[in-house]
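Chain identifiers are assigned alphabetically (A, B, ...) following the order of the sequence lines, protein sequences preceding nucleic acid strands; residue numbering begins at 1 within each chain.
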Number of protein chains: 2
Amino acid sequence: MSFIPYSHHYQRIRDQLASDIAQGASQADEKLPSEREMIERFGCTRVTLRQALQQLEAEGLVYRENRRGWFVCPSRIRYDPTRISGFMEYVSAQGRTPRTECLLAERRPAGDWLAQRMGLASADEPVFFLQRRRWIDRRPVLLEYNVLLASWCPGLLDIDLNTSLTRVLREHFARVQSRCKLEMHIGTVNEEQAELLQLSPGASSIHLERLNFGEENQIVEFDQEFWRPDALSIVMETRPPEMK
Amino acid sequence: MSFIPYSHHYQRIRDQLASDIAQGASQADEKLPSEREMIERFGCTRVTLRQALQQLEAEGLVYRENRRGWFVCPSRIRYDPTRISGFMEYVSAQGRTPRTECLLAERRPAGDWLAQRMGLASADEPVFFLQRRRWIDRRPVLLEYNVLLASWCPGLLDIDLNTSLTRVLREHFARVQSRCKLEMHIGTVNEEQAELLQLSPGASSIHLERLNFGEENQIVEFDQEFWRPDALSIVMETRPPEMK
DNA sequence: AAGTGGTCTAGACCACTTG
DNA sequence: AAGTGGTCTAGACCACTTC
C-alpha cells in the first residue's frame, strides 16, 4: 500500500468544497447547503465543518452572512486607492453592479481628534460628515466615512449623495483633489459595522484611511474605509519620486 | 436592576485579555499562559477560549506560533511598498531589529509563467530566483520571492544576499529601479510558507506582488511577498498623475 | 413553526515542543 | 517524560431568519 500523506479531516472537507466551487457546482453569491446538511454529507461534527469553512473564508473562496449562511465568493474587484476615480466607475467598468447608499450626512464641528488629524486651526471648524454603504451586486462590501471641510464645498448636503462623491465635487464645485496620504492595515469591524456589512461580529476587514489634499495642497478631506477582505484586490502603479 | 447588554462568554474573555495587554501586564512578543491555565482562570472550555484568542488574533493583538503558543503582538511596522528603500532600512529606522535570511538563490530559465508575467521574449531567458525570509526582532514576518533578469545584474549570486537587495543593486551594479506596479490582497499561506513563518497551516496573510521597472522602463524584477498580517501597516503618499 | 447559524460544554487522542 | 497546542466527537441551548 502506498503511503498517503496525512491530512486532517477538515482539510479534506475544505478540498472537496473548494473543488465543488472550482468546478462551478456553485455559482458566485450562491448559498451553500445548511451546515446540518453538510455535516451529513461529510460525516463530521459541526465544529470540524466550520473549521473547514473558516479556512475557505480566509482564502476568500466563501463568505458568511451573519446567521444567514455561507455563500460562494465572486471574483475580486480591482481597486486603486490612489486614483481619484470613484467606486461607481471602477465597479461598473469591471462588469459588476455598484450601489451607494448614504446612511448619514450632517454638518458638525470637527472636534479635537479630527482637527488634529486634518491639521485644522480650530476644533470648531465645520465639516460635513458622511457615512455611506456601498454594494457590489447583491452584497454590501464597503463602509465609508467621509469628512470634508465645509468651507471647501459649501452646500454639499443639498445634493444627492447616493452616487459618486468624486463626480459631485467635480460637477457642482469644480473641485479636484491633487494628492493623498494612505494608510491601511488588517483589523476587525465593530458591532455596528458588522451589522451594516452583514458580517459576523468581530469579522476581519481591510481598514483604509486617506487624507486628501486640495488645489493649494491643503487637507480638504479625511476618509476611512472598511472593506470585506475577500471583495478586493488592491492595485496601483507608481512613478519615481521627482528629484528636488 | 439596570439592563446589562448581552455579551457572549468569549467576548468577555477577549475583553479581559485585551485589557491585560493594554495595561502592559504582558509585553510585546511575550508568551501568554498555556491554554489549560487560561481555561482554569476563565472557567470555560478550550473551544470558547480559542474563539476569544482567534478574535484577538484577527484584531492583531496576539499572534500564534504553530504548536508553540500565543504571544502578544508588538506594534506594526509602517511600510511603503512603493518606495525603493529596503526592509533593513525602514525597520531599523523604526527602532526594531531587522534580519534577512537568504533561503535560496539560483539561476534558472524563466519558464512560461514568468516569461509571460514579465513580458520576456523567451521562456529560456535566464533569471535569478531568490527566496528570503525576513525577521523583525524575534519573529519571522515576511517571506519574499524575487525574480531578477540575469542580464540586468550578472554575477548577483556571488554576492552576500543576507542583506538589502536594494543596496546590492545600487552599489555593485549601479542599478536603480524607476517605477513599479503593485497588486495585493488577503489570502492564506500554503504548508511550506506556514512552516517558514511559524504560522499554523492555512493562516491568513497579506499577499503582495510587484513588477519593477528599470532605467529604460523595461521590466527587470518580479517579486512576491507574504506578510504576517498583524506585522504591518501599509502607508503611502501619492502625487497627482501628470497631464499628457 | 421550523430550521438555521452562533455559542458552549465536557470530554478525547495525537503530534509536537519543551525541559 | 510531561505538557502543549491542534484536531475532533457528540451532544446542547438560544436568538434569529425564513417560511
Side-chain angles (χ1 to χ4, degrees), chain A residues 3-15 17 30-58 62-72 138 140 188-189 191 194-204, chain B residues 3-15 17 30-58 62-72 138 140 188-189 191 194-204:
Chain A
F3 176 72
I4 294 172
Y6 181 72
S7 91
H8 293 291
H9 200 172
Y10 83 90
Q11 278 295 352
R12 295 201 301 273
I13 295 170
R14 187 222 81 95
D15 294 344
L17 288 171
E30 192 176 308
K31 189 176 179 308
L32 296 181
S34 80
E35 294 183 359
R36 283 165 177 86
E37 280 178 65
M38 288 193 274
I39 66 177
E40 192 141 345
R41 168 178 171 199
F42 295 117
C44 65
T45 60
R46 277 180 70 207
V47 174
T48 304
L49 173 70
R50 283 167 69 87
Q51 197 177 353
L53 288 167
Q54 279 158 25
Q55 167 76 43
L56 289 166
E57 185 181 29
V62 306
Y63 65 95
R64 192 196 313 212
E65 290 192 356
N66 195 25
R67 289 183 181 282
R68 262 175 278 262
W70 299 87
F71 301 81
V72 177
R138 69 172 291 279
T188 56
V189 289
E191 278 181 44
E195 191 160 335
L196 289 167
L197 290 176
Q198 296 173 0
L199 290 165
S200 307
S204 89
Chain B
F3 175 73
I4 295 171
Y6 181 73
S7 92
H8 293 290
H9 199 173
Y10 82 90
Q11 278 295 351
R12 295 201 301 274
I13 295 170
R14 186 222 82 96
D15 293 345
L17 288 171
E30 194 176 306
K31 189 175 179 308
L32 297 182
S34 79
E35 293 184 358
R36 283 164 177 89
E37 280 178 65
M38 288 193 274
I39 67 177
E40 193 141 343
R41 167 177 171 198
F42 294 117
C44 66
T45 60
R46 278 180 69 207
V47 174
T48 304
L49 173 70
R50 284 168 68 87
Q51 197 177 353
L53 288 167
Q54 279 157 24
Q55 167 76 42
L56 289 166
E57 185 180 31
V62 307
Y63 64 94
R64 192 195 312 212
E65 288 192 358
N66 196 26
R67 287 182 183 283
R68 259 174 283 262
W70 299 87
F71 301 81
V72 177
R138 69 173 291 279
T188 56
V189 290
E191 277 181 46
E195 191 159 334
L196 289 168
L197 289 176
Q198 296 173 359
L199 291 166
S200 308
S204 89

Checklist entry - Given atom CD of A:Gln54 and atom C1' of D:dG6, what is their separation to the nearest angstrom? => result 14 Å

Checklist outcome for this item: Winner on side-chain proximity to B:Thr45, out of D:dG5, C:dT9, C:dG6, is C:dT9

Checklist entry - Would the number of heavy atoms belonging to other residues, nucleotides or ligands and lying under 6.0 Å from CD of A:Glu30 be above 12? => result yes

Checklist entry - Closest approach of B:Leu199 and B:Asn66, non-hydrogen atoms and distance? => result O-CB, 3.5 Å

Checklist outcome for this item: Between B:Cys44 and B:Ile13, the two heavy atoms sitting closest are SG-CD1, 3.6 Å

Item to check | Main-chain N/O of B:Ser7 paired with B:Arg12 side-chain donor or acceptor, under 3.5 Å | outcome: yes

Item to check | N or O in side chain of B:Arg50 less than 4.0 angstrom from D:dG6 OP1/OP2 | outcome: yes

Checklist entry - Which ranges of DNA chain D pair up as stems, where a stem means three or more consecutive Watson-Crick or G-U pairs with both distances under 3.5 Å? => result C:1-18 with D:1-18

Checklist entry - Are any of B:Arg64's side-chain N or O atoms less than 4.0 Å away from OP1 or OP2 of D:dG6? => result yes

Item to check | B:Ile39 side chain near B:Thr45 side chain, heavy-atom distance below 4.5 Å | outcome: no

Checklist outcome for this item: CD (B:Glu57) and OH (B:Tyr63) are apart, to the nearest 0.5 Å, by 11.5 Å

Checklist entry - Just by modelled atom types, is the A:Glu37 backbone N or O under 3.5 Å from a matching donor or acceptor in the A:Ser34 side chain? => result yes

Item to check | Interatomic distance, A:His8 NE2 vs D:dC8 C1' [rounded to whole Å] | outcome: 10 Å

Checklist entry - Whole-Å distance between D:dG11 P and A:Ile39 CD1? => result 11 Å

Checklist outcome for this item: For A:Gln55 and B:Pro201, the nearest pair of non-hydrogen atoms, with its separation, is OE1-O, 4.2 Å

Next on the checklist: Does C:dG5 have its OP1 or OP2 closer than 4.0 Å to a side-chain nitrogen or oxygen of A:Asn66?
Outcome noted: no

Checklist entry - Taking all non-hydrogen atoms of both residues, which atom of B:Ala52 and which atom of B:Arg14 are closest, and how far apart? => result CB-N, 3.9 Å

Next on the checklist: How many whole angstroms separate atom NE2 of A:His9 from atom P of C:dC14?
Outcome noted: 17 Å

Checklist entry - Can a side chain N or O of A:Thr48 be found less than 4.0 Å away from OP1 or OP2 on D:dT9? => result yes

Checklist outcome for this item: Rounded to whole Å, the CZ-C1' distance (A:Phe71 to C:dG5) equals 11 Å

Checklist entry - Rounded to whole angstroms, how far apart are CD on A:Gln198 and P on D:dT17? => result 10 Å

Checklist entry - Roughly, in whole Å, what's the span from CG in B:Leu49 to C1' in C:dT9? => result 14 Å

Item to check | Residue closer to the 5' end of DNA chain C, B:Val47 versus A:Glu65 (nearest nucleotide) | outcome: A:Glu65

Checklist outcome for this item: Atom CD of B:Gln11 and atom C1' of C:dC8 are separated, to the nearest Å, by 14 Å

Between the protein and nucleotides 2-4 of chain D, list every N/O to N/O distance that falls short of 3.5 Å.
from: D:dT4; atom 1: OP1; to: B:Ser34; atom 2: OG; distance (Å): 3.3

